[in-house]
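Beneath this line is the structure, given in structure tokens, with notes to follow.
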Amino acid sequence: QVQLVESGGGLVQAGGSLRLSCEASGRIFTTYPMGWFRQAPGKEREFVAAINRYGTTPDYADSVKGRFTISRDNAKNTVYLQMNGLKPEVTAVYYCAIKLGILPCVRGDDYDYWGQGTQVTVSS
């Protein structure tokens with residue numbers, strides 16, 4: 001009943017920026033915590049960032065602090081991930097997810113719906 005559509009991925013040179021978007025649709029009658037995760041080839045999925053229902057108190061993985069910013073526009077049912085100073089090591093498929101609860105978390109297993117993913121590739 002909930003669909004998430006991600007966009008904004010692509011190929012960028014090292015040091016560049018991208019803004020990922022994730023729009024939620026379906027039978028959503030309130031706002032929920034949302035998160036971004038990524039998975040590189042041969043690697044396990046890892047937490048990137050999460051945000052609460054109100055768009056406050058964002059949480060980030062240590063590896064992206066200071067370079068990535070998560071935000072949301074509840075009027076558009078959309079969450080964003082602004083990525084600056086990109087390095088080749090962040091190349092991965094990025095997924096957004098929604099947690100049908102009150103508080104966000106860093107465990108992917110606690111999220112209920114996932115987008116299809118969008119590829120982010122950073123060249124040297």
Side-chain angles (χ1 to χ4, degrees):
Q1 295 183 345
V2 179
Q3 296 83 43
L4 302 175
V5 180
E6 297 143 319
S7 61
L11 174 64
V12 299
Q13 295 184 8
S17 299
L18 284 174
R19 189 182 75 158
L20 307 183
S21 299
C22 175
E23 182 178 356
S25 62
R27 297 182 63 82
I28 303 175
F29 303 107
T30 187
T31 58
Y32 296 98
M34 297 186 70
W36 286 97
F37 297 78
R38 66 188 179 193
Q39 187 168 23
K43 304 292 185 179
E44 296 183 354
R45 180 182 293 169
E46 64 175 343
F47 169 77
V48 176
I51 195 165
N52 68 14
R53 298 182 296 159
Y54 311 108
T56 59
T57 61
D59 192 18
Y60 300 96
D62 288 342
S63 62
V64 306
K65 287 181 179 178
R67 296 184 295 110
F68 288 14
T69 302
I70 187 171
S71 62
R72 67 189 300 163
D73 184 343
N74 287 340
K76 298 180 179 179
N77 292 321
T78 300
V79 65
Y80 305 95
L81 185 68
Q82 179 68 45
M83 305 184 295
N84 299 324
L86 290 170
K87 302 176 181 179
E89 64 196 54
V90 310
T91 294
V93 177
Y94 283 70
Y95 300 89
C96 70
I98 186 168
K99 179 176 181 288
L100 302 183
I102 302 299
L103 300 176
C105 67
V106 302
R107 285 176 46 86
D109 289 346
D110 290 337
Y111 287 76
D112 297 279
Y113 294 94
W114 294 79
Q116 81 287 348
T118 185
Q119 177 71 45
V120 173
T121 302
V122 183
S123 63
S124 302

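Residues take their numbers from the sequence shown, with the count starting at 1.
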Should Leu81 and Val93 be counted in the same cluster of Ile, Leu, Val, Met, Phe, Trp and Tyr side chains packed under 4.5 Å apart? no
Hydrophobic clusters join Ile, Leu, Val, Met, Phe, Trp and Tyr when side-chain heavy atoms are under 4.5 Å apart, directly or via other members; which others share one with Leu103? Ile102
Quick note, ring pair (Phe, Tyr, Trp, His ring centres under 6.0 Å) partners involving residues 69-105, not counting sequence neighbours, are none
Using atom types as modelled and distance alone, determine if a side-chain donor or acceptor of Asn74 lies under 3.5 Å from a backbone N or O of Asn77. no
Indicate, with yes or no, if Leu100 and Leu4 share a hydrophobic cluster defined by side-chain heavy-atom contacts under 4.5 Å among Ile, Leu, Val, Met, Phe, Trp and Tyr. yes
Do Val2 and Tyr32 share a hydrophobic cluster, counting only Ile, Leu, Val, Met, Phe, Trp and Tyr and linking them when any side-chain heavy atoms are less than 4.5 Å apart? yes
If two hydrophobic side chains count as joined below 4.5 Å and joins carry through other members, does Tyr111 share a cluster with Met34? no
Side chain to side chain donor-acceptor pair (under 3.5 Å) filter on Lys76, not counting sequence neighbours, yields none
Residues Arg38 and Ser63: closest non-hydrogen pair is NH2-OG, 3.4 Å
For Arg72 and Pro33, work out which heavy atoms get closest and say how close. NH1-CA, 4.1 Å
Donor on one side chain, acceptor on other, Thr121 and Gln119, under 3.5 Å: yes
From Arg19 CZ over to Thr69 OG1, what is the distance, rounded to the nearest 0.5 angstrom? 11.5 Å
Applying disulfide bond (SG atoms under 2.5 Å apart) as the test, list every pair that has at least one member in residues 91-124; sequence neighbours left out. Cys22-Cys96
Minimum heavy-atom separation for Lys99 and Asp110, please, with both atom names. CG-O, 3.5 Å
Let's go through Met83 and Trp36 carefully: what are the C-alpha distance in whole Å and the side-chain angles of both, what is the deciding distance for side chain to side chain contact (heavy atoms under 4.5 Å, CB included) to 0.1 Å, and is it a yes or a no? CA-CA 12 Å; Met83 305 184 295; Trp36 286 97; over 6 Å; no
Nearest heavy-atom contact between Thr91 and Ala40 is O-CB, 3.6 Å
Applying ring pair (Phe, Tyr, Trp, His ring centres under 6.0 Å) as the test, list every pair that has at least one member in residues 46-65; sequence neighbours left out. Phe37-Phe47
For Asp59, what residues pass the side chain to side chain donor-acceptor pair (under 3.5 Å) criterion, not counting sequence neighbours? none
Chi angles and distances behind the side chain to side chain contact (heavy atoms under 4.5 Å, CB included) call for Val90, Arg67: CA-CA 11 Å; Val90 310; Arg67 296 184 295 110; 4.2 Å; yes
Judged by atom type as modelled, is there a donor-acceptor pair below 3.5 Å linking the side chain of Gln13 to the main-chain atoms of Ser123? no
When clusters are formed by joining ILVMFWY residues with side-chain heavy atoms under 4.5 Å apart, either directly or through shared neighbours, do Leu20 and Tyr113 land in the same one? yes
Shortest non-hydrogen pair, Gly8 vs Leu18, comes out as O-CD2, 3.7 Å
